[in-house]
Amino acid sequence: MKVYDMPDERGHFGPFGGVFVAETLVEALEELRLMYEKYRHDPEFLAEFAYDLKHFVGRPSPIYHAKRLSEKVGGAQIYLKREDLNHTGAHKINNTIGQALLAKRMGKPRVIAETGAGQHGVATATIAARLGLECVVYMGAEDVKRQAPNVFRMKLLGATVVPVESGSKTLKDALNEAMRDWVTNISNTFYIIGTVAGPHPYPMMVRDFQAVIGIEAKEQMQEMIGRQPDAVVACVGGGSNAMGIFYPYIDVEGVRLIGVEAGGHGLHTGQHAAPLTANSPIGVLHGNRTYLMQDEDGNIIETHSISAGLDYPGVGPEHAWLKDIKRAEYVAITDDEAMAAFHNLCRTEGIIPAMETSHALAHAEKLAKTMSPDQVILVNLSGRGDKDINTVARLANITL
Amino acid sequence: MSRIQSVFAELKAQGKKALIPYITAGDPNPDQTVPLMHALVASGADMIELGVPFSDPMADGPVIQRASERALVHKMGLRKVLEMVKTFRATNQTTPIILMGYANPIEAMGSEQFVTLAQASGVDGVLTVDYRPEECETFNGQLAKAEIDSIFLLSPTTEPSRTELIVKQATGFLYYVSLKGVTGAANLDIVEVKKRVAEIRNQTSLPIGVGFGVKDAATARDVATIADAVVVGSRMVLAVESSDANNLISNVQALMTELRTAIDSVNA
């Protein structure tokens, strides 16, 4: 069997990925690529990373058999990879530690980040505080409103949060603004991208740092059930938690990999954030080539999702590639379906999941019903939902 | 010889430097773009850089971002920009037009169709901000076949080995970004620019334009002592932004006259 070995040395996943940036950023990316090449297999670097994952994050995160949920849904057994139990409450911290350790080795005293739901911003602010780095987080003005608790969290951690007023005032605009900061302050600044998008080497590097999720899961599943699951399900915005759990499974035969995009009000309404499921055209944004929600002039269109973390018009280039080679499948879950799954997990298992994660849960429920009780679905429970309680309350017309 | 090359050759013979104003197509209103282009020529533009509006202009500062947003309100897409160039060409066959924009609108149209339409409309050069030479070999070949110049950026951080690679693919002229940052950022450091431009000249005989930080007549004059062309973007767009329908042309022409005089005060 051919071993999966992507991307190529220029960061291409087939026709996707690459480096599409202004010349002003090229040298900085080249420096980063070389530094990452140097350290990605360096035992000392990897030991430091592993130490922090264990003692600062609390890894390995457990896998939990959601028996009551499985019973209630009927069909396959649902297991949860508990990334919500990580320090800061989501998978995002894995990657920020990796990149921050790299920043430290590169002698950069300042880190910047973009954030949607605020989880990546909090994770960046957290590791910046721990390492004594200056931290600036760009966040769409719309998201600043939607995610007030996380904004305050970042400030408590000593970060500066800059609301971005341009464009649609969401995640993609925060990314634009972070890029602009980086190009201006390139000599002292490291840009910690939070997802498997952006120019090479980011999609590969973020995947590698998140792959700890899938590496652990493979061992844990073997231990718990003596085999690997029949399907692995994860939500996909940019796609970092999904890539993290999918990647170690790519070469494992018989394991279906299913990415769940944000279907918003439904694909037919056009108000969604599901470029893969909706068969959006290929385009270039944020430094890479991928499937992209755009109008006929090639301008990026405004997306909609109940969850800020999935509200992104593109998707990581490796997901685009996995879709094309048919190694992974992609589906969409609407706002309403995600909300139902959110409440279901709260009530049956005593776990409040993030709104993003609820999309993966909703699809797992649908899928489980089509499978038999001896089959297993592993869901990446990418984050906890404390940050979303204001949104949920608002939907129920409750003032907290 | 392309229109861009002839303009540079002609200016060189006269001992003059090129003035290249930038405006965003469709800003503030699509009806005003072609008249504005003619007005730029009448007040001393040797070439025009015409910005193609894009929803996510990552390399641009707030001034040009706002211009894009104003143009996009009018659904100003690449197809319409090419129609404007065609209209302009009906009465002006000499002033080179350089399209400056981002890769995605071109990819959405399809690069082959874009090049065909650009050639038919009378476009002379294309600068695609986020296409570095390694990622656009096919597109570059298509442009060359249509005799449209490929303009590439060089930045203060571009290493000599990279400059070598870029100058091999570039035609028409090279665009040196005078500062680390987005368009319209802080003031440029003229001593540094002078040093870098001299280094680039060792590697190429192509004319060199300098832009990204030319904020006033004095800077334009300084840049003209070093470069073959002075590109004025954000400052020009600010003049558009601060004008209304009645004084748009006169305000832009007043700025152009000031810049032209400053640049011509330099003896090449």
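Below, chains carry the letters A, B, ... as their sequence lines are ordered, and counting in each starts from 1. Because the structure is predicted, anything quoted here is derived from the model rather than measured.
With a 4.5 Å cut-off on non-hydrogen atoms, K75(B) touches chain A through its backbone but not through its side chain. With a 4.5 Å cut-off on non-hydrogen atoms, H12(A) touches chain B through its side chain but not through its backbone. For E159(B), the parts lying under 4.5 angstrom from a heavy atom of chain A are both the backbone and the side chain. For L154(B), the part lying under 4.5 angstrom from a heavy atom of chain A is the backbone only. For a residue to count as touching a neighbouring chain, one of its non-hydrogen atoms must lie under 4.5 Å from one of that chain's; by this rule E69(B) touches chain A with the side chain only. With a 4.5 Å cut-off on non-hydrogen atoms, V129(B) touches chain A through its backbone and its side chain both. Residue contact with chain A, scored on non-hydrogen atoms closer than 4.5 Å, involves the backbone and the side chain of P57(B) alike.
At a threshold of 4.5 Å between non-hydrogen side-chain atoms, the residues E296(A) and M109(B) do not count as touching. Between L72(B) and N299(A) the shortest side-chain heavy-atom distance falls below 4.5 Å. With contacts defined as side-chain heavy-atom distances shorter than 4.5 Å, the pair D56(B)/I300(A) qualifies.
The distance from the CD atom of E135(B) to the CG atom of N288(A) is 10.0 Å, given to the nearest 0.5 Å. If you take CD on E23(A) and CG on D130(B), they are separated by 12.0 Å, rounding to the nearest 0.5 Å. Rounded to the nearest 0.5 angstrom, Q294(A) CD and N104(B) CG are separated by 4.5 Å.
Between D297(A) and R79(B) there is no salt bridge, since none of the side-chain N atoms of the basic residue sits less than 4.0 Å from a carboxylate O of the acidic one. No salt bridge links R162(B) with E30(A); every basic N to acidic carboxylate O contact stays at or beyond 4.0 Å.
Annotation for E134(B): atom CD counts as buried by contact number, over 12 foreign heavy atoms lying within 6.0 Å.
Put simply, of F212(B), Y131(B), Y102(B), the one with the most heavy-atom pairs under 4.5 Å next to chain A is Y131(B). Chain B forms the most heavy-atom pairs under 4.5 Å with one residue out of D173(A), V284(A), L25(A), and that residue is V284(A). If you tally non-hydrogen atom pairs under 4.5 Å between each of L292(A), L285(A), V19(A) and chain B, the highest count goes to V19(A).
Closest heavy-atom contact between A108(B) and G298(A): CB-CA, 3.5 Å. The two residues T24(A) and L179(B) make their nearest non-hydrogen contact at CG2-O, 4.5 Å. Summarising the geometry of S166(A) relative to Q65(B), their closest heavy-atom pair is CB-OE1, 3.5 Å, with the distance given to 0.1 Å.
Within residues 175-188 of chain A, the residues approaching chain B closer than 4.5 Å by heavy atoms are, in numerical order, N176(A), E177(A), M179(A), R180(A), V183(A), T184(A), I186(A).
Side-chain atoms of R132(B) never come within 3.5 Å of backbone atoms of F20(A) as a donor-acceptor pair (strictly under, hydrogens ignored).
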